[in-house]
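These values consider heavy atoms only, across backbone and side chains, with no hydrogens, waters or symmetry-generated copies.
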Amino acid sequence: MDMYSKTVLGLKNAINAAIEHAIEKGELPNAQLPDFIIEAPANTANGDFATNAAMAGAKAFRMPPFKIAQAITSNLSLEGTMCERFETAGPGFINFFLSNEFYSGVIKEILDDPEGYGSSDFGKNEKVMVEFVSANPTGPMHMGNARGGALGDCLAAVLKKAGYDAYREFYVNDAGNQIEKFGASLEARYLQIYKGEEIVFPEDGYQGSDITELAKEYSALYGDRLLDADSAERKKALVDYALPKNILKMQEDMATYRILYDKWFFESELHKSGEVAEIVDLLKSKGLTYEQDGAVWYKNKEVLTKKLLAEGKTQEYIDNLELKDDVLIRQNGNPTYFAADIAYHKNKFDRGFTTLIDIWGADHHGHVMRMKGAMDAIGYDGNKLTVVLMQLVKLVRGGELVKMSKRTGKAIQLRDLLEEVPVDSARFLFNTREANTQMDFDLDLAVSQDNQNPVYYVQYAHARICSIFKALEADGITSRACTEAELSMLTAPEEKELINHLALYVNEIISAAKDYDPTKITRYVTQLATLFHKFYNACRVKGDDESLMQARLALCGCVRAVIKNVFTMFNITCPESM
């Protein structure tokens, strides 16, 4: 157990013991104390830890919180808590002040296992799948995919650090309506090469220049061999040529972005294996389908109404949702995307994943509830599916909105971004804002090499620490292990503040994993860099007191280790000089 968790547990046990003693002595009535909180406040001027135990017990003990706090503190022993004193404040808060044992313990813990620090068994090795990006393979990837890629990859890394068996997957929509549209678009562009504008382009076709380029590539390789083929054969040949090329580009872009998936899962496999048909049959057997106008429909409205009523929602609330049923099989006999999506999520559960996390664009918000309901309908737990909805990204340069690539004059794609912006910046900056907030991605900031760029700012802190060690080594001074007494010399406010923040790392990882929010870690490491620079400016590392110098070197080593720990986890480079 890390030092932060040990301290929280020690204080919790001490408070519970104090309450028991107070009850035995008649200072508190015999009642069950509700759960209470022990946490490190943002401002540690009034204490390093605080508890609301007295306020939490006001109803149970039927006493004012301040009197409860007095009863607790009069029976409180700090032995084994790593705190040296306490005091009450306000209406009944109890504040605790850490001892030197805590501060030296944090430094030892980090330096004993720099790479492993931050890891925990919180997740109990639960199998969790993070499915993210899953872009349509009919065209280039865009800015939403850039944000989703960074969020999803770093979330999986955080989950793994927190003790989960995290798995990354990309779902390739290589079947269904969008592939039919892809084929029709390629066919029209191919035929236009030979027949000109007499070939009318489909109204709902894909208009991108990439479609025209793919048709020209095929024509350059194979000429007019498809000109006299029937339409179905021609579309199939063009899709068989173009789709693998698009998927390969997607895989190359993700690799450039330093994202390596455990699996690229193809929707077409669900159709070939019969899993989509099985889902439709399963829903039919449960009486959850009906036929209308030649199509097979899923009773989404009925399923969700029952689910929401069971959760305590009113009929008025449900009516305002304007729930609708969904088509599973179209009039032409082809399954819909929704049918395949149900089969895909069932497949995930069947592979042994107990929690599913999907990262979707905010425009899919209406799909969340019906997918959870569909999981319930087929006998799985829809609450084990969590969807992180991601808001739009706007690109900004010089304070102005950017929609077109300078290089190509076309809409900016993921590949354009990665050619202009360092991958380190993209991965870090996309993780500075929570997924559910809109984001302005500042291209000028992303390429700047100064402290305004958050990733540069943190990298510079790491490089500065490396330069401290190198400069001292040049003077014949090397760091060594410190004694407890030497580490207890780190008493300056800037030193204690820095060590307190280092101690929070494991808890921050767990919090980020619980909330599915990796942006907590970028904020954490940015604050760590700020506190290091504050320490560096206030406390001279090299000095005449060899013991104090070694203690401060140990602290510098801890900061360096945690920055490297975070950047390794997030696949961001950690330079030793800048």
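Side chain of Ser268 to main chain of Asp174: no donor-acceptor pair is present (N/O by atom type, distance under 3.5 Å, no hydrogens or angles). With hydrogens and angles disregarded, no donor-acceptor distance shorter than 3.5 Å links the side chain of Thr138 to the backbone of Phe182. Listed for the Thr522 side chain is a donor-acceptor partner under 3.5 Å among the backbone atoms of Thr519. Without hydrogens or angle criteria, Arg234 side chain to Leu226 main chain gives a donor-acceptor distance under 3.5 Å. Distance alone, capped at 3.5 Å, places no donor-acceptor pair between the Asn177 side chain and the Tyr337 backbone. Between the Asn347 side chain and the Ala343 main chain, no donor and acceptor come within less than 3.5 Å of each other. Using a distance-only test at 3.5 Å, with no hydrogens or angles considered, no donor-acceptor pair links the side chain of Arg189 to the main chain of Glu213. With hydrogens and angles disregarded, no donor-acceptor distance shorter than 3.5 Å links the side chain of Ser219 to the backbone of Ala215. The backbone N or O of Pro518 sits nowhere less than 3.5 Å from a side-chain atom of Asn431 that would complete a donor-acceptor pair. Side-chain atoms of Tyr261 come within 3.5 Å of backbone atoms of Phe132 as a donor-acceptor pair (strictly under, hydrogens ignored).
Qualifying ring pair (Phe, Tyr, Trp, His ring centres under 6.0 Å) partners for Tyr167, counting only residues two or more places apart in sequence or in other chains: Phe353. In this structure His501 satisfies the side-chain hydrogen bond (donor to acceptor under 3.5 Å, both in side chains) test with no other residue, sequence neighbours excluded. Remark: Asn173 engages no residue in a side-chain hydrogen bond (donor to acceptor under 3.5 Å, both in side chains) (not counting sequence neighbours). Remark: Thr386 pairs with no residue by the side-chain hydrogen bond (donor to acceptor under 3.5 Å, both in side chains) rule, at least two apart or across chains. With sequence neighbours left out, Phe349 forms a ring pair (Phe, Tyr, Trp, His ring centres under 6.0 Å) with Tyr380. Residues satisfying the side-chain hydrogen bond (donor to acceptor under 3.5 Å, both in side chains) test with Tyr317, not counting sequence neighbours, are none. Qualifying salt bridge (charged side-chain N to carboxylate O under 4.0 Å, His left out) partners for Asp153, counting only residues two or more places apart in sequence or in other chains: Arg168, Arg427. With sequence neighbours left out, the salt bridge (charged side-chain N to carboxylate O under 4.0 Å, His left out) criterion links Asp442 to no other residue.
Atoms OG1 and CG, from Thr437 and Leu392 in turn, are 11.0 Å apart once rounded to the nearest 0.5 Å. The CG atom of Leu418 sits 6.5 Å away from atom OG1 of Thr256, with the distance rounded to the nearest 0.5 Å. Here the CE-CG distance, from Met129 to Asp165, works out to 11.0 Å after rounding to the nearest 0.5 Å. Expressed to the nearest 0.5 Å, how far CD of Glu420 lies from CG of Leu443 amounts to 5.0 Å.
At most 12 heavy atoms of other shown residues, nucleotides or ligands fall within 6.0 angstrom of atom CD in Gln32. Residue-environment remark: NZ (Lys324) stays at or below the threshold of 12 foreign heavy atoms within 6.0 Å. Around atom NZ of Lys564, no more than 12 heavy atoms belonging to other residues, nucleotides or ligands sit under 6.0 Å away. Around the NZ atom of Lys160, the shell of radius 6.0 Å holds no more than 12 heavy atoms that belong to other residues, nucleotides or ligands. Residue-environment remark: NZ (Lys306) stays at or below the threshold of 12 foreign heavy atoms within 6.0 Å.
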- Task: Evaluate the side-chain contact (heavy atoms from CB on, under 4.5 Å) criterion for residues Leu321 and Met369: first the C-alpha distance (whole Å), next the side-chain angles of each, then the deciding distance (0.1 Å), finally the verdict.
- Result: CA-CA 11 Å; Leu321 293 176; Met369 189 186 297; 4.1 Å; yes
- Under the side-chain contact (heavy atoms from CB on, under 4.5 Å) criterion, do Met371 and Ile342 qualify, and how do the steps go? CA-CA 7 Å; Met371 184 53 61; Ile342 299 173; 4.2 Å; yes
- Task: Could you walk me through whether Phe49 and Tyr4 pass ring-ring contact (aromatic ring centres under 6.0 Å, His included), step by step?
- Result: CA-CA 10 Å; Phe49 283 87; Tyr4 179 91; 5.4 Å; yes
Return a table of donor-acceptor pairs under 3.5 angstrom between the side chains of residues 51-61 and protein atoms on other chains or two or more places apart.
from, atom 1, to, atom 2, distance (Å)
Thr51, OG1, Ile37, O, 2.9
Thr51, OG1, Ala53, N, 3.2
Asn52, OD1, Ile37, N, 2.7

Distance-only check: which donor-acceptor pairs under 3.5 Å involve side-chain atoms of residues 279-296, not counting sequence neighbours?
from, atom 1, to, atom 2, distance (Å)
Ser285, OG, Leu282, O, 2.6
Tyr290, OH, Asp325, OD2, 2.8

Please table the atom pairs, donor to acceptor, closer than 3.5 Å between any side-chain atom in residues 199-207 and protein atoms at least two apart or in another chain.
none

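Within the structure, every pair that satisfies the salt bridge (charged side-chain N to carboxylate O under 4.0 Å, His left out) test and touches residues 253-275, not counting sequence neighbours, is listed here: Asp253-Arg415, Arg258-Asp424, Glu269-Lys272.
Note: Phe428 and Phe567 have perpendicular aromatic rings, judged against thresholds of 30 and 60 degrees for the angle between ring planes. By the 30° and 60° cut-offs, the orientation of the rings of Tyr164 relative to Phe122 is perpendicular.
The side-chain tip of Arg370 points at the ring of Phe338 from less than 6.0 angstrom away and within 45° of straight on.
Between the side chains of Gln315 and Asp319, at least one donor-acceptor pair of N or O atoms lies under 3.5 Å. When only modelled atom types and interatomic distance are considered, Lys520 and Ser511 share a side-chain donor-acceptor pair under 3.5 Å. When only modelled atom types and interatomic distance are considered, His364 and Asp358 share no side-chain donor-acceptor pair under 3.5 Å.
Taking the side chain as every heavy atom from C-beta outward, Tyr524 and Val562 approach each other to under 4.5 Å.
A salt bridge links Glu217 with Lys245; the closest basic N to acidic carboxylate O contact falls under 4.0 Å. Looking at Lys249 and Asp210, no side-chain N of the basic residue comes within less than 4.0 Å of a carboxylate O on the acidic one, giving no salt bridge. With respect to Lys348 and Glu169, no salt bridge is recorded, no charged nitrogen being found less than 4.0 Å from a carboxylate O. In this structure, Arg523 pairs ionically with Glu434, as a charged nitrogen and a carboxylate oxygen lie closer than 4.0 Å.
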